[in-house]
There are 2 protein chains.
Amino acid sequence: MRPLLDRLQERGCRMTAQRRIIAEVFAGNHVHFTADDVLQRARIALPEVSRATVYNALNDFTALGELLEVTHADGKKRYDPNVEQRHHHLVCVDCDRMLDVHTVDPDLPFAERHGFEIIDVAVTFHARCPDCVAAKAVSS
Amino acid sequence: MRPLLDRLQERGCRMTAQRRIIAEVFAGNHVHFTADDVLQRARIALPEVSRATVYNALNDFTALGELLEVTHADGKKRYDPNVEQRHHHLVCVDCDRMLDVHTVDPDLPFAERHGFEIIDVAVTFHARCPDCVAAKAVSS
DNA sequence: GTCCCTGCAAACGTTTTGCACACAG
DNA sequence: CTGTGTGCAAAACGTTTGCAGGGAC
């Protein structure tokens, strides 16, 4: 998929040094950063990025739709640039690492719908990543 | 299922007036309150319940395991006393109403596991509840 | 030149914590 | 009597907002 930066510019999104850096943080597609992750990474390239600017930019980018997606995980927001294909998430319960996975969407039987109009479904697999499994094996 | 209060007492959990009231808030099983919901409801029966006590009690109750379950929804914690049977959630995107539903757990194909050890899976259906569908029909 | 983005700091809502006191066991 | 739950207030945390100034277009 095209980098987020390119896609933002196509949308006529106004660009500044800070916003460019923030967009570039999402270079890899299978990435799920919290606002603070983004801030830290942005500051490597440009130290005078403020927290508010990161939040503003992330909110603006997501508001454009279909460019950056928000996932609530564990009380924190995570931003995910992989909006091209539907996907679900695999999260490590120990280190919070999050990966995209592709599974068939579960179906909600009509009898269970309680009259609700289903919009979409989010599936999150809670798991332990190989590193944390290894770390646990050592400590025990 | 037995009321939460009974199950807490079986566990030898120390009881006070406040904790009893808090447990009684969860009388119905298919209930998903935020900490603030619990506080408000508890104060109907006993006005001098403090916010901290609600949080303490909720954290203690969940720490006992298998009595009260936490669900992160939209950046807020919700407490769910229905831990006897595995279930998933159906949430109204407009009014936040949350219901339990029972679906088959989706399976994550081995090729998608990335070496993670799966612990469990959470499924959340985002939907519009009948009331909010009706409200939308009126406003348009 | 206009409008919007920026940085700072302060406000916000939710949750946690430190403390002295009171009550359950 | 001892240990733990209580209320209060303050802090912590992630996020948002108000404002004056500056840079994109």
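Everything numeric here is computed off the predicted structure, so don't read it as measured data. Order of the sequence lines fixes the chain letters, A, B, ..., with proteins taken first and strands second; residue numbering starts at 1 for each chain.
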Apply salt bridge (Lys or Arg N to Asp or Glu O under 4.0 Å) to A/D107 and A/R113, showing your working. CA-CA 10 Å; A/D107 179 59; A/R113 289 190 196 174; 3.6 Å; yes

So, for [X] and [Y], which heavy atoms are closest and what is the spacing to 0.1 Å?
{"X": "A/R51", "Y": "A/R43", "answer": "N-NH2, 4.3 Å"}
{"X": "B/V25", "Y": "B/A42", "answer": "CG2-N, 3.9 Å"}
{"X": "A/P81", "Y": "A/R7", "answer": "O-NH2, 3.5 Å"}
{"X": "B/D100", "Y": "A/E112", "answer": "O-OE1, 4.4 Å"}

Which nucleotide in the list [options] gets nearest to the side chain of [X]?
{"X": "B/Y55", "options": "C/dC5, D/dG7, C/dT14", "value": "C/dT14"}
{"X": "B/A52", "options": "D/dC8, D/dT6, C/dC5", "value": "D/dC8"}
{"X": "A/A35", "options": "D/dG7, C/dT16, D/dT15", "value": "D/dT15"}

Between [X] ([atom1]) and [N] ([atom2]), how many Å, whole number?
{"X": "B/Q18", "N": "D/dC8", "atom1": "CD", "atom2": "C1'", "result": "13 Å"}
{"X": "A/R20", "N": "C/dT6", "atom1": "CZ", "atom2": "P", "result": "11 Å"}
{"X": "B/D74", "N": "D/dT15", "atom1": "CG", "atom2": "C1'", "result": "13 Å"}
{"X": "A/L8", "N": "D/dA24", "atom1": "CG", "atom2": "P", "result": "17 Å"}
{"X": "B/Y79", "N": "C/dT14", "atom1": "OH", "atom2": "C1'", "result": "10 Å"}
{"X": "A/R19", "N": "C/dT6", "atom1": "CZ", "atom2": "C1'", "result": "10 Å"}
{"X": "A/D36", "N": "D/dT16", "atom1": "CG", "atom2": "C1'", "result": "15 Å"}
{"X": "B/K76", "N": "D/dG14", "atom1": "NZ", "atom2": "P", "result": "18 Å"}

Spacing of A/H102 atom NE2 and A/H88 atom NE2 [to the nearest 0.5 Å]: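 If I round to the nearest 0.5 Å, the distance is 9.0 Å.
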
To the nearest 0.5 angstrom, please state how far the CG atom of B/L4 sits from the CZ atom of B/F26.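 Answer rounded to 0.5 Å: 7.0 Å.
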
Counting C-beta onward and ignoring hydrogens, is there a side-chain heavy-atom pair between B/H114 and A/R97 closer than 4.5 Å? no

I want to check something: taking the side chain as every heavy atom from C-beta on, are B/I21 and B/Q18 in contact at a cut-off of under 4.5 Å?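 With C-beta onward as the side chain, the pair stays apart.
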
Any residue in residues 37-51 of chain B with a heavy atom nearer than 4.0 angstrom to DNA chain C? Just list them by number, or reply none. B/R51

When you check the phosphate oxygens OP1 and OP2 of D/dC13, does a side-chain N or O of B/K77 lie under 4.0 Å from one of them? no

Heavy atoms under 4.0 Å is the rule here; annotate nucleotides 19-25 of chain C 5' to 3' with B where the base is hit, S where only the sugar-phosphate is, and - elsewhere. -----BS

Of B/N56 and A/T53, whose closest DNA chain C nucleotide lies nearer the 5' terminus? A/T53

